[in-house]
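Order of the sequence lines fixes the chain letters, A, B, ..., with proteins taken first and strands second; residue numbering starts at 1 for each chain. This structure is a prediction, so every number in the text was calculated from the model and none was measured.
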Amino acid sequence: MDKLIELRDVRKVYSTGRLEVQALRGIDLEVGRNEYVAIVGPSGSGKSTLMNILGCLDTPSSGSYTLSGEAVAGLDRNRLAEIRNRHIGFVFQSFNLLPYATALENVELPLLFAGVSTKERRERAAAMLERVELGDRMEHKPTELSGGQMQRVAIARALVNRPTILLADEPTGNLDSASGKAIVSLFEELHAAGQTIVLITHDSGIAKLASRVVRVQDGQIVEDVRAAA
Amino acid sequence: MGSLSFFRQMLQDVRQQKLRTALTVLGITWGTVSVSLLVAFGEGLEARIRANQRGLGENIVIAWPSRTSLPWEGLGKGRRIRITEEDVEALRREIPQARFSGEMSRENSTFRRERVRITPEVSANSPIFAAMRNIIPAAGGRYVNDLDLDRRRRVVFLGDKLKQDLFGDQEAVGQTVMLDNVPFLVVGVMEKKAQDSSYSGRDEGKAFIPDATFRGLFSERYLENFIFQAHDASATPEVTRKVYEVLARRHKFDPADKEAIGMWDTSEAEKFFAIFFGTFRAFLAIIGSFTLVVGGIGVSNIMYVVVEERTREIGVKLAVGAKPAWIQRQFLAETLTLTAVGGVCGMLVTFGFLAVFPLLGLDEYVGTPQASPLVIATTTALLGVIGMVAGWFPARRASLLDPVVALKLA
Ligand SMILES: Nc1ncnc2c1ncn2[C@@H]1O[C@H](COP(=O)(O)OP(=O)(O)OP(=O)(O)O)[C@@H](O)[C@H]1O
Ligand SMILES: [Mg+2]
């Protein structure tokens with residue numbers, strides 16, 4: 001199996017004043033190509049902390065992280081920006097769309113930073129919005145879209161630069177169940193099409209659909225179950 | 001995304017921060033107006049004073065024969081020195097780096113034309129006097145020339161004010177005026193000029209006649225004064241020294257006796273003005289710049305607030321792969337745009353003001369302030385620097401945000 005992600009003894013310590021919080025205490029994790037991993041665990045267990053490190057949005061206090069064969073620790077801001085741009089598609093619970101930009105412009109954003117020409121940007125962003133069934137909402141601003149639609153725009157943005165991994169931190173957490181279901185089936189389709197996905201969820205129903213479930217508790221992986229193929 | 005969206009973001013910021021943005025742009029506008037108007041007024045005033053200075057003549061030295069103050073070769077002090085046209089001829093011969101003109105004058109001769117009687121100062125001199133003193137004939141006339149001198153013609157050149165007093169708005173050239181009952185032909189009238197310093201009344205009120213005519217008419221031998229002008233202004237001190245030498249030799253006084261011939265070197269005033277206006281301009285520019293800097297601090301401040309408010313957006317951009325330099329450029333561009341808007345407004349106000357100012361009729365006192373290239377270049381350069389500095393710090397802060405922190409995920 002092709003290893004995309006390899007975490008070795010990753011720790012994260014937050015120090016707030018005199019208090020030290022050990023959010024992650026020695027995580028070892030490998031994720032292979034075309035895996036669909038669900039990370040579950042109680043609130044405050046360190047799931048988001050782990051996810052942010054995987055997405056190169058945050059750096060571990062210690063331990064090593066290898067992404068697609070490249071050691072991430074110690075890379076400078078520019079290289080990290082490139083990695084986020086080329087390898088990672090991040091979907092947030094709260095969508096994080098630019099409020100003044102249209103759906104199309106939001107989806108174009110990663111391509112802008114990748115240095116893709118205006119014309120190609122348009123085409124690829126439009127195609128991706130079609131893919132998430134928002135072809136008729138391209139010129140809409142986020143405020144003119146429903147929660148489910150906003151999250152689909154965010155997913156289109158995460159996928160538009162063909163990332164190595166799609167990361168999603170509770171992507172359905174702010175959605176009603178119907179919209180949530182649509183998102184979940186979209187993830188299944190993407191996985192079926194070969195996309196590697198790591199997502200955090202509180203919903204055991206969603207976790208069941210993943211090919212692998214990793215349970216985190218108190219900053220450690222306490223269970224790692226692969227579904228029978 | 002591209003530029004369209006950049007401006008949309010800016011409009012968004014402007015809309016969210018209407019009052020603050022307005023005040024900031026106003027600050028820059030005010031700063032720009034201060035700098036440009038101060039410099040423009042400085043330049044206008046300087047041009048005015050220099051024009052006045054030119055009215056007397058550029059870098060000329062006026063010399064008056066007086067009394068000796070030092071004994072010399074057995075001669076006592078207090079001896080009166082009298083200069084004649086022959087002395088001026090000798091100076092011309094011996095000091096080729098300068099030009100010379102003697103001047104004789106009279107204040108008790110009466111001009112009469114019809115029923116008008118005026119007793120102006122009559123100045124008798126040579127043709128080059130006009131060039132040295134920036135006396136320019138108005139169209140249709142001329143100054144006293146060499147032929148007038150050779151033939152001792154009875155011709156007169158009138159100061160513009162004197163002409164007005166004698167002739168009103170009528171044409172004067174070609175007319176005759178009576179000078180102490182002797183008819184004189186008017187050959188020219190002086191073009192109006194600015195002159196704020198003089199040594200025997202302003203040229204506008206004088207009558208100028210050939211010195212040869214004057215000598216014949218009034219049996220006068222001695223010059224009231226003479227003026228000289230070095231061809232190269234920097235040679236003035238050397239020429240002055242030589243003038244003392246030549247005259248001291250001819251009239252037997254100590255060449256170090258500065259009181260024997262009184263001299264007024266107007267180029268010293270020129271030097272003074274150069275220093276004075278250099279300082280004055282620097283002073284105005286500094287005051288104006290401080291105002292601009294205060295405006296710049298305002299811009300910087302608003303950009304900090306903008307960065308603060310757009311932290312999440314910065315986080316989103318970082319998360320999808322924006323490099324710090326890109327974020328920095330964006331905020332820098334925004335700051336420069338705000339500064340430019342303020343600057344353009346300021347320039348417009350300045351141009352408007354400068355267009356209206358001449359209508360107030362204060363030109364004669366303070367000159368005409370002008371938005372010279374210097375003013376525009378100074379202001380633009382200052383604005384650019386201030387914009388860069390004002391934008392740099394907030395932009396840098398934005399670009400160095402941590403994605404997790406900016407996204408408020410941590
Ligand atoms: N910036 C921070 N400073 C201090 N402590 C933090 C910070 N971020 C997270 N923590 C702490 O680290 C621990 C793990 O937090 P994390 O957000 O990873 O939990 P989570 O598993 O995502 O929880 P949830 O399911 O509620 O989202 C928590 O105890 C949290 O309080
Ligand atoms: Mg979380």
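- Surrounding CZ of Phe276(B) are more than 12 heavy atoms belonging to other residues, nucleotides or ligands, all under 6.0 Å away.
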Test side-chain contact (heavy atoms from CB on, under 4.5 Å) applied to Arg77(A) and Leu318(B), step by step: CA-CA 10 Å; Arg77(A) 293 168 154 270; Leu318(B) 289 171; 5.6 Å; no
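- In this structure, Met388(B) places its CE atom where only 12 or fewer heavy-atom neighbours from other residues, nucleotides or ligands lie under 6.0 Å away.
- In the displayed structure, Arg25(A) atom CZ is contacted under 6.0 Å by more than 12 heavy atoms of other residues, nucleotides or ligands.
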Lys317(B) vs Leu98(A), side-chain contact (heavy atoms from CB on, under 4.5 Å): CA-CA, chis, key distance, verdict: CA-CA 9 Å; Lys317(B) 287 180 175 167; Leu98(A) 300 183; 3.9 Å; yes
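- No part of Arg86(A) comes within reach of chain B, as not one of its non-hydrogen atoms sits under 4.5 angstrom from that chain.
- For Glu133(A), the CD atom is loosely surrounded, since the number of other residues' heavy atoms within 6.0 Å does not exceed 12.
- Contact between Val316(B) and Leu109(A) at its shortest, heavy atoms only, is CG1-CD2, 4.4 Å.
- Between Ala322(B) and Ala81(A) the shortest heavy-atom distance is O-CB, 3.5 Å.
- Across Gly55(A), Gly89(A), Ala23(A), Pro110(A), the residue that shares the most heavy-atom pairs under 4.5 angstrom with chain B is Pro110(A).
- Residues Leu407(B) and Asn96(A) share a closest heavy-atom pair of CD2-ND2, 3.5 Å.
- In terms of heavy-atom pairs under 4.5 angstrom with chain A, the leader among Gly321(B), Ala325(B), Pro324(B), Ser399(B) is Gly321(B).
- Taking a 6.0 Å sphere around CD of Glu70(A), one finds it holds more than 12 heavy atoms contributed by other residues, nucleotides or ligands.
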